[in-house]
Amino acid sequence: MLILRCPYCGVDAEETDLAPGGEAHLTRHGPGSDDAEFRDYLFQRRNPRGVHFERWRHAFGCGKWFHAARCTQTLEVFGTYSAQCSEPPEEIMTAIRTRRPDWEMPA
Amino acid sequence: MSSRLATGGRRIDRSKRLSFSFNGTKLTGFEGDTLASALLANGQDLVGRSFKYHRPRGIVAAGAEEPNALVALGQGDRMEPNQRATITELFDGLSARSQNHWPSLQFDIGAINARLSRFLPAGFYYKTFMQPRAAWKHLFEPVIRKSAGLGPAPTQGDPDRYEYFYAHTDVLVAGGGIAGLAAARAAAEAGARVLLVEQDSRFGGRSATDGVVIDGTDAEAWVAEQVAALSAMPNVDLRLRTMAAGVYDHGYVTLYERAGDRDPGAAPVRHRLWRVRAGRTVTATGAIERPISFAGNDRPGVMLASAVRDYIDLYAVSPGDRTVVVTATDDGYRTALAVRDAGLDVPAVLDTRPDPKGPLVDAVRARGIRVEAGRGIAKVRGTRRVTGVDICAQAGEGAVIEHVPCECVAMAGGWSPVVHLWSHCGGKLLWDETAHHFRPDPDRPPTGADGQGFAVTAGTASGPMDTGAALADAVEAGHRAAKALGHDKGAPRIPQADGTADGPPAAVWMMPHGAGPELRGKAFLDFQNDVKVSDVQLAAQEGYQSVEHTKRYTTLGMATDQGKLSNINGLAILSDSLGAPIPEVGTTTFRPPYTPISLGAVAGEARGSLFKPVRRTPIHDWHADAGAVWEPVGDWRRPYCYPKDEESHRDAVNREITATRSGVGLLDASTLGKIIVSGPDAAAFLDLTYTNMMSSLKVGRCRYGLMCTENGFLFDDGVVVRLSEDSFLCHTTSGGSDRVHAWMEEWLQTEWWDLKVWTSNVTEQFGQIAIVGPKARSVLERLGGMDLSAEALPFMAMAEGTLGGIGVRIFRISFSGELSYEIAVPAGRARALWDMLLAEGAADGITPYGTEALHVMRAEKGYIMIGDETDGTVIPQDLNLGWAVSKKKSDFIGKRAMERSALTDPDRKQLVGLETEDPALVLPDGAHAVSGQTNRFGQQETLGHVTSTYWSPTLNRSIAMALVSGGSRRMGETLDFSLEDGRIAKARVVDPVFLDKDGERQNV
Amino acid sequence: MKKYSVFSLAREALRYHSGWERAWASPDPKAEYDTIIVGAGGHGLATAYYLAKEHGITNVAVLEKGWLGGGNTGRNTTIIRSNYLQPESAAIYEKARGLYEGLSQELNFNIMFSPRGVMMLCQTQHELRAMQRTAHANRLAGIETEMVSPERVKEIVPIIEIDGPRFPVLGGLWQPRGGTARHDAVAWGYARGASARGVDIIQQCAVTGIDRDASGVTGVQTTRGPIRCKKLCIVVAGSSGVLADMAGFRLPVESVALQALVSEPVKPCMDCVVMANTVHGYMSQSDKGEMVIGGGADGFNNYTQRGSFQHLEETVRALIETFPMISRLKMLRHWGGIVDMTGDRSPIIGQTPVPGIFINCGWGTGGFKAIPGSGWATAEMLAKGTPGTLAAPFSLDRFTEGRMIDESVAAAVAH
Amino acid sequence: MSEAVTALAGATYEGAVTVADGGLTGMVQLRADLADAAVATAVKAATGADLPDRRRISAAKEQRLLWMSPDELLILTDHGAAPDLVKRLSTELTGQHALVLDLSDARSRIRLSGQGVREVLAKGAPVDLAPGRFEPGEVRRTRIGQIAAAFWLLSETEAEVICFRSVAPFLFDWLSTAARPGSLPGHFR
């Protein structure tokens, strides 16, 4: 039972209050993108066994979407943060590096 | 045989007699008995039959680890199969039946398997029953299946109630023995919130029975003192009959409280499933004694030495006049003393160790009890119960030295910590070379959200088996758990226990050590599943070397006790067969729950009327009173039709349609989704979320809009109304409102957060009533309050005002092709308006209609229905809705996807109308058009399928819509539709708009 | 290979079964193979078996990081059916079901295929219409299924409640030749068969890297040293993304946990498989007597093979509504398996961007039933170097073209 | 002119805890950036109350302001007073990016009273409801069983729950079941 802190209402919400939303920080490819770019945007999700940036919604709570950095192997949560950003903020990166010194942000 | 002793019995209250029945025989026991102790007290040694060989089975243990004493408890709709007698508290009127035998427990036909056991080794069924092929289905499998299962299957629903309870605590302590109590006290005194749960009906565990003395007082008094102290603390909750069932990710724990098992029928809650979020979980779950593998160790009368002690001390039950103790540990001697103290005979203590010594050994010798060193049991004599044992040298091959008559054999193979809770969520184990057991590795605990370990072990669950060390470990554990959460008032005092630690146990995995195949084939590891030492060795021999392979091939540890008694012994045999050390062989995975929990508890309170939410419109009660036939739409209930007395559904639907098209009909459209989209960027946002251009919509006007996924597929539709320059009302499908609203918020919050837009799901603020048909206007005009003339309120326009004194918003839109007004009214007044309309329209024969009439009327007009014409793979162009897909807009959700080759393929299926050659024939739902060719897979090639098909009372013929490959090119073609019976129905491809192509009926 | 039969069993019984040989060999890896298959689950082992049997290719190694059959093959609810809507799906699943029919005899290993029938319940009007469409499609695809009435459902499944207040049973899609099989035995039987034909099955051998040059794959790095190969086939449900990473490409796959549980064993009470898709539950009774229950999948990426309680609630409460008598049964254990979810929930069988590397993955929640057909089609692809008729539709490029094979269309879940 | 009715039509259940229809209630939704000082000023002017802090409730006269999210406020008032409140708020917020709606009929209010209201809620809400952890003045949006709801304590023995109108009868039955006599575990003390 995952437990994530909603950065908007500050509640440590359990999974049953939340709705998962898949990989975070996707770049939307609309008209003008080529087939490969569009396929990657739609389907080719990062699926790491390790640190994963993902979207969650506090569905039964304040209804806000937020981001989480979580390890898909140990389920350790490095932090949650605003959904209105296109890359993880520095404090999240620091939190991850403190726990996983040899981790590198995938290209 | 077993019997009740004249005196003693720590737990029983001899003044409270309870009557119960076993296999129909009336028996009596005492308050405080378990069903198991009461059965033994009544001399009932034989309690069941084993799974595979149907061998006679007796009670082996006194707790949750019991593999044999499983009964069908209770009767009728309260019968529960496979209930463990050792953890079933006796109550007056309890009735139990033994399981897995026919015709009777005493004489069981299935026991023939025991005679054939030699031919039925591990996995024998993988090697045979294959020829002839038909025989498996018709002969072998039916026979195997008949013999499957233990207890009887219930036949009725369950009248009892279950529920969840959500609890949060700093420290959860699992186990209320002396370790659990000590840990809880340490944590509580440090200031932490503490929840302590004990699966048993008493606190204190084994301590009193084992004669533990703490701080100079006997265990019973010490435990009472701890319980009193803890109960007095406001930050502590102690709970009995509550088992920690499973430990989950992020430190979540489920508890199983058997709240009502002692008074079936009367208790308001049978089982309560606690869902606990604990900062730290202390597992003070104790240890379980290991049996010893010798030939005939499964005979009734062979018990764990600790269980023999329990039955004597707690329940004053004699397991038999003469008890032979066979032990690899000092602990076995405690049983010898307990038996002798009860005035019973101990013919011999067989100690596998060559040179047993220590205070316990001396005490036993001092009592004149015969101690045989380096000895073991070659074979147990007796069939339905023990009559004696053949003694042999442990070191040898089993040559019989002496026969000793006895009624009970007490096995003391050493103790293994209960590591289940620790392991459920990934805690790792260590193999202890001296104690010969797996114990938790404190350096590799299960970790939580913060990456830190969230479990701490306490007492014997950590490994140490002597009281002093266990207590010290427990206090430290409780303190550490609290401290990790910021609660610390300094190191707590550690209670002192008297006595010295036991000497090291011997590792005895097979008795005698050199036992041949004959004996190994009779030495049981898993009593319930009949897995023998020889089976594990066979698995290893055949290459099923992984512990998981062995488990699955032999079914070792897969019984309802999940291997609590058999796992370690089985592992040891396997490692011995493979010549690999035990830690390398490893353990199987520990899965929740610790012991089985009722499915009722898993489901919680959600049963019957509370199973799933039902959404009711403000007019729901009227529909119910009118005898509506309900159709579930999402969680909503909508009237399908309103049959009058004997009327068939189809007749009712036809009547509703005819009445509406010829006069006036009334529809409760409250379930339609309604979402307000407002703000300076509202129009821009809707241009992105709809395929249509919405920014060009004029204030006060309505436009039908489509929403696609980013994949290009149509997923919702509805009428959009521009309420003001920067405010829109978006209608969605019934049951689509939550999805669409969440979808809009998702894009606003995670992609286009720079847009100034607010949304609000106002679906439930309004009831919505559609008044439909040529006479709709006159009914409304008679109600009065608004000018509803074609000029004032033309088609696709919106007006606000009051009708019959109620504030409303009226949309001139139509899903039927008729003159139609959809009236939005505050939900609290919707029923009132509905009643007014019915009254006012009575003169015109106003007729409420349901969803089926709605569907037929929309089909007559060729309007699509999300979910019928769409299935998640359909794009607007497929439905001839290309006109609603803006070419002007540079972007909208789904635009890019529509450029992909598969979505621009001219042979895509397209929506067409169908007219069957036989107008009376209504095509079956989902029927396929066939080409007469076969496709690359050798299947009949299909051209398309029927999406909607109805009898049209208006056109007095059948009509249908279908998605057909290259459909628009096939106008006028006749297609062959294949029917269930293989016959072909011919249908002509036509324009899907069957009625009033020019829309004259609605433009009035 | 010693033949299994009632006679050999009797013969062995007389000598305490001392003569049984290993079911499969346990060789050390050779320096090079023509083909390396990564993953000794059902799909990988079946692929190896059919490579040897159908195409005579035996210089093959199957590498397994743990123990064979230890992944989803040994964790699923063993349902076998082929009542799929789309022609592509129907073709490969029916091929698999057909092979299951004679598999025990072919492998001389009783996998206990039990064609006891699969009943898919229709509990809403919409589901009823969708199932009718599927029934028509099945008939034209040569798959034996039929729509049955609620009364007939009750006849076939006496313990079912067809008049439930919330979701009454409106009908059912009945596949009489669907059923179950003993999942471990499928892996063991294929392993024994492949091994006997000369395939090297190498357990405890984890692939740690994939070697490639300009022309394509050249071999793999493993915990037991480097092994060269000409062709490489990745068949590692649950870890496909990780292996793809090693090979340097990405897959349209996400790994999520799927939940399952079994009850304590009770005497036989349900003689077929029942799937209730509206309420997301499915159940069958094992030959041992346990009620085997399938639950839902997590919605988030997850590599822990653990059960998560909250997903069982919904499944169990739904099944209690449908089968009220199970309420007093007890849950014996529950667990999770990691499944590959693709963009259209249909599998991937095909070439990858790296020449010489082939992939078989993305079976989602429904891989077990496909094992023989999947192995057969993958073997054909490996032998010919290009996908055959059965495999072709499941190629990777469908995600570029938007050519989805979407079974959710049928309102059925792919369990 | 008809009177508005509630979805629960005044229903009451008396068990270990009393469950009762909270009656007609004015509910006004404000969507605006609550961090924006101008919004705070406007709200104060229209209601006389300060904006509540995160997850808190503020009050003035007959009005209670519930914090629903960083950009959503729900104002409870008399049913008849809601339309005027909407007007006042809209006027005060002129020129601001804000949405004000009268949603008085969209939700239902249920009252719980008696010892053990905490435990009735704890049977369905994954929330720490222990004394000291959840106190009057805080509003919590979560689920009760399968129903989305918000609730708050008025005192140690009184709580209020709001949920969408269409599921109010279902939630009422759920709460009544949870409040059955003798069914409270007695965990909180």
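In what follows, chains are A, B, ... by sequence order, proteins preceding strands, each numbered from 1. Side chains are part of it too, since the values below use all heavy atoms of this structure and drop only hydrogens, waters and symmetry mates.
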_On a heavy-atom basis, which atom in C:Glu407 and which in C:Ser89 lie closest, and how many Å separate them?_
OE2-OG, 2.8 Å

*Heavy-atom contact with chain C under 4.5 Å, split by part of B:Gln537*: neither

*Residue pair C:Gly189 / C:Leu107: nearest heavy atoms and the distance that separates them*: C-CD1, 3.7 Å

*asked:* Heavy-atom pairs under 4.5 Å with chain B: which of C:Ala135, C:Ser308, C:Ser18 has the most?
replied: C:Ser18

*Please state whether the side chain, the backbone, both or neither of B:Thr560 comes within less than 4.5 Å of a heavy atom of chain C.*
both

*Specify the closest pair of heavy atoms between C:Arg333 and C:Trp335, including all atoms of both residues, with the distance to one decimal.*
O-CZ3, 3.7 Å

*Kindly determine whether B:Tyr594 and B:Gln562 satisfy side-chain hydrogen bond (donor to acceptor under 3.5 Å, both in side chains), including the steps that lead there.*
CA-CA 9 Å; B:Tyr594 174 57; B:Gln562 292 281 286; over 6 Å; no

*Relative to chain B, which segment of C:Ser286 carries a heavy atom at a distance below 4.5 Å: side chain, backbone, both, or neither?*
backbone

*Heavy atoms only, distances under 4.5 angstrom: which of B:Gly867, B:Gly604, B:Gly74 has the most pairs with chain C? Name it, please.*
B:Gly867

_Atom group of C:Glu313 that falls short of 4.5 Å from chain B, counting heavy atoms_ = both

*Flag the pair B:Tyr248 / C:His334 as yes when their ring centroid distance falls below 6.0 Å, and as no otherwise.*
yes

*Could you have a look at B:Pro924, B:Gly608, B:Ala540, B:Pro592 and say which one has the most heavy-atom pairs with chain C under 4.5 angstrom?*
B:Pro592

*Quick one: of C:Glu290, C:Gln285, C:Met291, C:Glu161, who has the most non-hydrogen atom pairs under 4.5 Å with chain B?*
C:Gln285

_Within 6.0 angstrom of B:Gln545 CD, more than 12 heavy atoms from elsewhere_ = yes

*Does any heavy atom of chain B fall under 4.5 Å from the side chain of C:Glu88, the backbone, both, or neither of them?*
both

*Contact class of C:Ala25 relative to chain B, heavy atoms under 4.5 angstrom*: neither

*Which bit of C:Ala187 comes within less than 4.5 Å of chain B, counting heavy atoms only: side chain, backbone, both or neither?*
neither

*At a heavy-atom separation under 4.5 Å, does C:Met331 approach chain B through its side chain, its backbone, both, or neither?*
both

*Taking every heavy-atom pair that is under 4.5 Å apart, which of B:Thr128, B:Asn711, B:Asn935, B:Ile597 has the most such pairs with chain C?*
B:Ile597

*asked:* I'd like to know whether C:Gln125 forms a side-chain hydrogen bond (donor to acceptor under 3.5 Å, both in side chains) with B:Tyr640, so could you lay out the CA-CA distance, the side-chain angles of the two residues, the decisive distance to 0.1 Å, and finally the verdict.
replied: CA-CA 10 Å; C:Gln125 289 291 343; B:Tyr640 175 86; 5.2 Å; no

*chain B: which of C:Ser26, C:Pro87, C:Gly179 shares the most heavy-atom pairs with it under 4.5 Å?*
C:Pro87

*Could you tell me which portion of C:Arg182 (side chain, backbone, both or neither) has an atom closer than 4.5 angstrom to a non-hydrogen atom of chain B?*
side chain

*So which of C:Gly74, C:Gly164, C:Gly66, C:Gly69 has the biggest tally of heavy-atom pairs under 4.5 Å with chain B?*
C:Gly74

*Could you please spell out the steps behind the side-chain hydrogen bond (donor to acceptor under 3.5 Å, both in side chains) verdict for C:Arg133 and C:His136?*
CA-CA 5 Å; C:Arg133 178 181 168 193; C:His136 284 289; over 6 Å; no

_Looking at C:Arg15 and C:Glu12, is any side-chain nitrogen of the basic one under 4.0 Å from a carboxylate oxygen of the acidic one?_
yes

*asked:* Any carboxylate oxygen within less than 4.0 angstrom of a Lys/Arg side-chain nitrogen, looking at B:Lys612 and C:Glu321?
replied: no

*asked:* With a 4.5 angstrom heavy-atom cut-off, is it the side chain or the backbone of B:Val946 that approaches chain C, or both, or neither?
replied: neither

*Checking B:Thr942 against chain C: side chain, backbone, both or neither under 4.5 Å from a heavy atom?*
side chain

*Salt-bridge test for B:Asp561 and B:Arg84: reply yes if a basic N is under 4.0 Å from a carboxylate O, no otherwise.*
no

*Engaged part of B:Phe140 at the chain C interface, taking heavy atoms whose separation is under 4.5 Å*: neither

*Side chain, backbone, both or neither: which part of C:Phe323 has a heavy atom under 4.5 Å from chain B?*
neither

*State, to 0.1 Å, how close B:Ile875 and B:Gly712 come at their nearest heavy-atom pair, and which atoms those are.*
CG2-O, 3.1 Å

*Counting only heavy atoms closer than 4.5 Å, note whether B:Ala601 contacts chain C via side chain, backbone, both or neither.*
neither

*Nearest heavy atoms of B:Ala153 and C:Cys269, plus distance in Å*: CB-CB, 3.6 Å

*Tell me, for B:Leu273 versus chain C, whether the close heavy atoms (under 4.5 Å) come from the side chain, the backbone, both or neither.*
side chain

_Options B:Leu979, B:Thr555, B:Ile144, ranked by heavy-atom pairs under 4.5 Å with chain C, top entry_ = B:Leu979

*Show your reasoning for whether side-chain hydrogen bond (donor to acceptor under 3.5 Å, both in side chains) applies to B:Arg270 and B:Ser598.*
CA-CA 10 Å; B:Arg270 180 172 178 236; B:Ser598 64; 4.7 Å; no

*B:Tyr252, part contacting chain C, at a heavy-atom distance under 4.5 Å*: neither

*Quick one: what part of C:Glu146 sits under 4.5 Å from any heavy atom of chain B, side chain, backbone, both or neither?*
neither

*Minimum-distance pair of heavy atoms, taken over all atoms of C:Gln203 and B:His549*: OE1-CE1, 3.5 Å

*asked:* Under a 4.5 Å cutoff for heavy-atom pairs, which residue among B:Gln156, B:Gln99, B:His424 has the most contacts with chain C?
replied: B:Gln156

*Mind ranking C:Gly70, C:Ala141, C:Gly289, C:Ala91 by heavy-atom pairs under 4.5 Å with chain B and telling me who comes out on top?*
C:Ala141

*Considering only heavy atoms, which portion of C:Pro158 lies under 4.5 Å from any heavy atom of chain B: side chain, backbone, both, or neither?*
neither

*asked:* Counting only non-hydrogen atoms closer than 4.5 Å, does B:Pro593 touch chain C with its backbone (N, CA, C, O), its side chain (CB onward), both, or neither?
replied: both

*Under 4.5 Å from a heavy atom of chain B, the part of C:Ala90 involved*: both

_Side chain / backbone / both / neither for C:Asn108 at chain B, heavy atoms under 4.5 Å_ = both

*B:Thr254 versus chain C, heavy atoms under 4.5 Å apart: side chain, backbone, both or neither?*
side chain

_Portion of B:His945 that has a non-hydrogen atom of chain C nearer than 4.5 angstrom_ = side chain

_Does any backbone or side-chain atom of B:Asp635 lie under 4.5 Å from a heavy atom of chain C? Answer side chain, backbone, both or neither._
both

*Atom group of B:Met79 that falls short of 4.5 Å from chain C, counting heavy atoms*: backbone

*Would you call the rings of B:Tyr544 and C:Trp24 parallel, tilted or perpendicular if under 30° counts as parallel and over 60° as perpendicular?*
perpendicular

*Under 4.5 Å, counting heavy-atom pairs only, tell me which of B:Gln940, B:Lys127, B:Arg275 racks up the most with chain C.*
B:Lys127

_Heavy-atom contact with chain B under 4.5 Å, split by part of C:Ile320_ = side chain

_Interchain contact, B:Ala897 with chain C, by part (heavy-atom threshold 4.5 Å)_ = neither

*Any side-chain donor-acceptor pair under 3.5 Å between C:Arg129 and C:His126?*
no

*Is it the side chain or the backbone of C:Met112 that comes within 4.5 Å of chain B heavy atoms, both, or neither?*
both

